[in-house]
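Structure record follows, encoded as structure tokens.
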Amino acid sequence: MAEPAPQSTRLTVLVPFAIVTLIWGSTWIVIRDQLSVVPPSWSVTYRFTVAGATMLAWAMLRGDGLRLDLRGLRFAVLLGLAQFVLNFNFVYRAEQHITSGVVAVVYALLLVPNAVLARAFLGQKMGRQLVLGSAIAMAGVALLFVHEARLSPVGPHAALLGIGIALAGVMSASVANVMQATQTAKAYPMATTLGWAMLCGAAIDAAFAFATVGAPVFDPRPSYGLGILYLGVLGSAVTFSIYFQLIRTIGPAKAAYTSVLIPVIAMLFSTLFEGYRWSVLAGAGAVLVVAGLVVALKARRPNR
């Protein structure tokens with residue numbers, strides 16, 4: 001019979017999980033406030049400019065240095081493109097069509113592509129419970145879509161579009177997650193790599209924003225500026241460094257278990273601040289998503 005994990009080992013996993021879950025669970029509602037005046041691509045640009053500068057400052061304080069060789073810089077650019085350009089542009093645009101809580105629930109399915117891509121590229125085997133849990137969770141998302149389609153003032157097409165955009169973001173995030181578990185990622189200091197990935201992502205975001213919506217726009221409201229700081233420092237620099245370290249330690253599939261509780265927190269915020277209207281259908285969908293992910297979580301070796 002296997003001995004239980006030492007207390008220190010449990011804490012080194014549970015404490016980071018709790019931090020990531022609480023902060024990311026709150027960021028969805030802050031993102032919603034960012035959509036009033038500024039085009040999404042510019043908001044993403046500002047967020048990761050702040051985040052990248054914060055990470056590089058932290059790298060200097062740690063003594064990690066700021067230099068990356070050509071291989072490391074190439075990795076940072078690709079990571080920035082997947083995580084800080086594609087993923088977050090999809091997130092911000094999805095919230096233009098569906099509530100932040102529902103976007104968070106869709107992102108709970110990150111466990112699924114993380115496990116599949118980890119199997120394909122890292123050789124980590126999938127357990128049957130993970131497959132079963134994923135199927136249950138997908139059924140829950142389908143119920144949430146039906147609920148959103150019924151409530152959407154512009155019809156089911158907008159709800160379908162919002163969920164489709166969010167799923168595209170999930171895939172982009174999953175690619176970045178698996179990249180963090182590779183030997184290339186582990187060859188470079190976390191803070192330095194993340195800092196340059198965020199700044200490279202911000203530069204691509206800025207180029208895309210300028211090409212598609214024109215010159216920079218900034219919202220003078222204090223809540224917007226404070227939101228950028230919150231999302232950039234806590235919601236990005238702090239949480240991504242913790243989350244990606246978890247990925248390097250326990251693998252992308254298990255690290256994605258943070259997404260089990262994030263939707264619960266996000267939908268609570270959505271109910272309080274966005275007037276999200278629950279129904280039996282929505283409640284059943286949310287329960288199925290969480291239940292499916294818990295089934296996967298309880299697997300002895302969901303990804304080994």
Side-chain angles (χ1 to χ4, degrees), residues 20-21 23-52 79-114 141 144-145 148 158-177 179-180 194 197-198 201-202 204-206 208-209 212-213 219 224 227-240 243-244 256 258-259 261-267 269-270 273-274 276 289:
V20 169
T21 300
I23 294 177
W24 273 348
S26 68
T27 56
W28 301 97
I29 196 71
V30 181
I31 290 172
R32 189 74 172 185
D33 183 65
Q34 304 269 299
L35 300 175
S36 56
V37 174
V38 181
S41 296
W42 281 120
S43 288
V44 175
T45 299
Y46 303 148
R47 173 177 179 169
F48 290 110
T49 298
V50 171
L79 179 64
L81 177 63
Q83 184 73 70
F84 306 121
V85 178
L86 295 176
N87 174 34
F88 279 91
N89 274 283
F90 285 135
V91 167
Y92 279 63
R93 282 165 174 77
E95 290 204 24
Q96 292 179 317
H97 301 281
I98 53 180
T99 63
S100 62
V102 174
V103 178
V105 169
V106 175
Y107 264 77
L109 294 176
L110 183 64
L111 173 64
V112 181
N114 270 19
V141 171
L144 283 167
F145 163 68
E148 283 291 302
L160 179 60
L161 178 61
I163 290 178
I165 292 172
L167 286 172
V170 169
M171 290 304 302
S172 302
S174 184
V175 169
N177 284 189
M179 287 178 67
Q180 275 298 326
L194 264 182
M198 288 172 172
I204 298 171
D205 287 323
F208 176 73
T212 55
V213 296
D219 190 336
Y224 182 82
I228 290 292
L229 290 176
Y230 181 80
L231 293 171
V233 178
L234 289 178
S236 298
V238 172
T239 46
F240 273 110
Y243 181 65
F244 283 160
T258 55
S259 60
L261 292 178
I262 287 174
V264 178
I265 297 171
M267 294 190 84
F269 276 105
S270 182
F273 298 108
E274 294 181 306
Y276 183 82
V289 169

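By the ring pair (Phe, Tyr, Trp, His ring centres under 6.0 Å) test, Tyr224 is found to be paired with Phe218, residues two or more places apart in sequence or in another chain being considered. For Trp24, the ring pair (Phe, Tyr, Trp, His ring centres under 6.0 Å) partners at least two apart in sequence or on another chain are Phe240, Tyr243. Partners of Asn87 according to the side chain to side chain donor-acceptor pair (under 3.5 Å) rule, which considers only residues two or more places apart in sequence or in another chain, are Tyr107. Gln83 meets the side chain to side chain donor-acceptor pair (under 3.5 Å) test with no other residue; sequence neighbours excluded.
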Do Gln180 and Leu79 pass the side-chain contact (heavy atoms from CB on, under 4.5 Å) test, and can you show the C-alpha distance, the side-chain angles, and the key distance before you say yes or no? CA-CA 8 Å; Gln180 275 298 326; Leu79 179 64; 3.2 Å; yes
Hey, mind stepping through Asn177 and Phe244 against side-chain contact (heavy atoms from CB on, under 4.5 Å) and telling me if it holds? CA-CA 7 Å; Asn177 284 189; Phe244 283 160; 3.7 Å; yes
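Judged by distance alone, the side chain of Thr239 and the main-chain N or O of Val20 form no donor-acceptor pair under 3.5 Å. Side-chain atoms of Thr45 come within 3.5 Å of backbone atoms of Ala206 as a donor-acceptor pair (strictly under, hydrogens ignored).
Between the CG atom of Leu231 and the CD atom of Gln34 there is a distance of 5.5 Å, given to the nearest 0.5 Å. The line from CH2 of Trp42 to OG1 of Thr212 is 8.5 Å long, rounded to the nearest 0.5 Å. Interatomic distance, CG of Leu110 versus CG of Leu167, reported as 11.0 Å (0.5 Å rounding). Here the CG-OG distance, from Asn89 to Ser43, works out to 10.0 Å after rounding to the nearest 0.5 Å.
Among all heavy-atom pairs drawn from Tyr46 and Val38, the shortest one is CE1-CG1, 4.1 Å. Of all heavy-atom pairs between Ala202 and Thr49, the closest is CB-OG1, 3.5 Å. Of all heavy-atom pairs spanning Ser236 and Met198, the tightest one is O-CE, 3.7 Å. Contact record, His97 with Arg93: CD2-O, 3.1 Å, taken as the closest heavy-atom pair. Residues Gly232 and Ala51 come closest through the heavy atom pair O-CB, 3.2 Å. Ser36 approaches Asp219 most closely through the heavy-atom pair OG-OD2, 3.3 Å.
Sorted by first and then second residue, the pairs that involve residues 158-176 and meet side chain to side chain donor-acceptor pair (under 3.5 Å), not counting sequence neighbours, are Asn114-Ser174. The stretch residues 33-43 participates, sequence neighbours left out, in these salt bridge (charged side-chain N to carboxylate O under 4.0 Å, His left out) pairs: Asp33-Arg221.
When each of Phe90, Phe48, Tyr92 is paired with Phe84, the ring pair (Phe, Tyr, Trp, His ring centres under 6.0 Å) condition holds for Phe48 and for no other.
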